[in-house]
Protein chains: 2
Amino acid sequence: MSKEETVIPKLIPVFRQYGYEGTSLSMLAKATGLGKASLYHHFPQGKEGMATAVMNYIANSFSQAVLQPLNNSDKPDKKIHQMCRGLKEFYNDGKNNCFLAIMSFGEAQSLFGELVKQQLQLWLDTLEKVLIEAGIEPEQAELRSQAAIMEIQGALILVRILNDTAPFERAIANLPEKLFRVPIA
Amino acid sequence: MSKEETVIPKLIPVFRQYGYEGTSLSMLAKATGLGKASLYHHFPQGKEGMATAVMNYIANSFSQAVLQPLNNSDKPDKKIHQMCRGLKEFYNDGKNNCFLAIMSFGEAQSLFGELVKQQLQLWLDTLEKVLIEAGIEPEQAELRSQAAIMEIQGALILVRILNDTAPFERAIANLPEKLFRVPIA
DNA sequence: GTCTATATAGGGATAGAC
DNA sequence: GTCTATCCCTATATAGAC
């Protein structure tokens, strides 16, 4: 494990709570216990480099927790069940903001918008394939995958505003049923 | 119409695109055509005052476009239909970010979090009453109202990331059916 | 009511000692 | 690899002329 990889986890909660523009080098220095100059030693591209490193690190965690279960050799309903478990863990029961949502507006949008879009598309495509494997029509599979991710994103916002994780927990609990059995017009 | 009320609409798109922390006085000055000092004449509380004014202005627009139809004397399904029309207009077919989502994280959360929560709760309660009026059980009415707003919020995020308004349009199109006819576990 | 000019603080970033 | 010290710039905010 390289030195950067021990620093990155300390950067994550700062960017996650305050967003790209709301995060300052001072905050990152405090969170890591390093001076600003030391941060530049590890990340010569400065704040943008740190955010990029965080994005990649998170993409990897997400892949492990959420996508990998969808790509294994279990039956579709078990894959979805495991994705749900992964989502609860990844989003800390809904208390974590989603980096895709955070990094897709303001100045961050021009810096990371394309990367964010690719990550989201990867999630959509992976989910869609599982539904098709389960015998759902391709168009329905696409619509339901989108609807599922929409609900999760919306749930995270409600949790944040209402300061109550119930909406997220319900959304996760209802996800398998909706994906497998509720048609979309 | 006071002078401030002619300035506020010019502030809105800046805060909406860049968020609270991502918006600077220079941007606001440029957007209004006024100097920074002039902005302080209209809003002695500076950036925070401008954001507050924008929040109140938007709350009013939202009330007119979305809540008012829910409070009139039409039949429930017509009320919902009119809310959907209002939502499409208010969110500019999904291209507008939601201020509730934007102002509920980072530094803005501590400044406006309570106001945002109240606004969201008002929407939830108003919607819930219409569903109850339509004969839906109170617990279902609450769950479906939450689910509906979740979908809209999630749809706005997908639109932003994918740069495609289709998810929002579908979410709105399916809203009446979901509110009136799709039970939540 | 708007401006120019300015005050003060903090931002991101770098140089160079250790 | 970490630090102190510093640079430059932009941020918010204010003073005071017009």
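Lettering of chains follows the sequences in order, A, B, ..., and the numbering in each one begins at 1.
A donor-acceptor contact shorter than 3.5 Å is absent between the side chain of B:Lys88 and the backbone of B:Ile172.
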Pairs: protein N or O with nucleotides 15-18 of chain D N or O, under 3.5 Å:
none

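Rounded to an integer number of Å, the gap from CZ of A:Phe43 to P of D:dT2 is 11 Å. Atom NE2 of B:His41 and atom P of D:dT14 are 15 Å apart (whole Å). A:Met50 has its CE atom 13 Å from the C1' atom of C:dG11, to the nearest Å.
Every residue two or more places apart in sequence or in another chain that forms a side-chain contact (heavy atoms from CB on, under 4.5 Å) with B:Ala51 is listed here: B:Phe15, B:Tyr20, B:Met103, B:Phe112. B:Ser26 is linked by a side-chain contact (heavy atoms from CB on, under 4.5 Å) to B:Ser24, B:Lys36, counting only residues two or more places apart in sequence or in another chain. For B:Pro183, the side-chain contact (heavy atoms from CB on, under 4.5 Å) partners at least two apart in sequence or on another chain are B:Gln140, B:Arg144.
Residues from residues 11-27 of chain B with heavy atoms under 4.0 angstrom of DNA chain C: there are none.
Comparing B:Gly35 and A:Tyr40 along DNA chain C, the residue whose closest nucleotide (by nearest heavy atom) sits nearer the 5' end is B:Gly35.
Other residues sharing a hydrophobic cluster with A:Ile132 under the 4.5 Å side-chain heavy-atom criterion for ILVMFWY residues do not exist; the residue is a singleton.
For A:Gln109 and B:Arg160, the side-chain atoms include no donor-acceptor pair closer than 3.5 Å. Defined by atom type and a distance below 3.5 Å, a donor-acceptor pair is present between the side-chain atoms of B:Asn72 and B:Gln82.
Ranking D:dG1, C:dG12, C:dT2 by closeness to the B:Ser38 side chain, first place goes to C:dT2.
By the neighbour-count criterion of 12 heavy atoms within 6.0 Å, atom NZ of A:Lys75 is sparsely surrounded, having that number or fewer from other residues, nucleotides or ligands.
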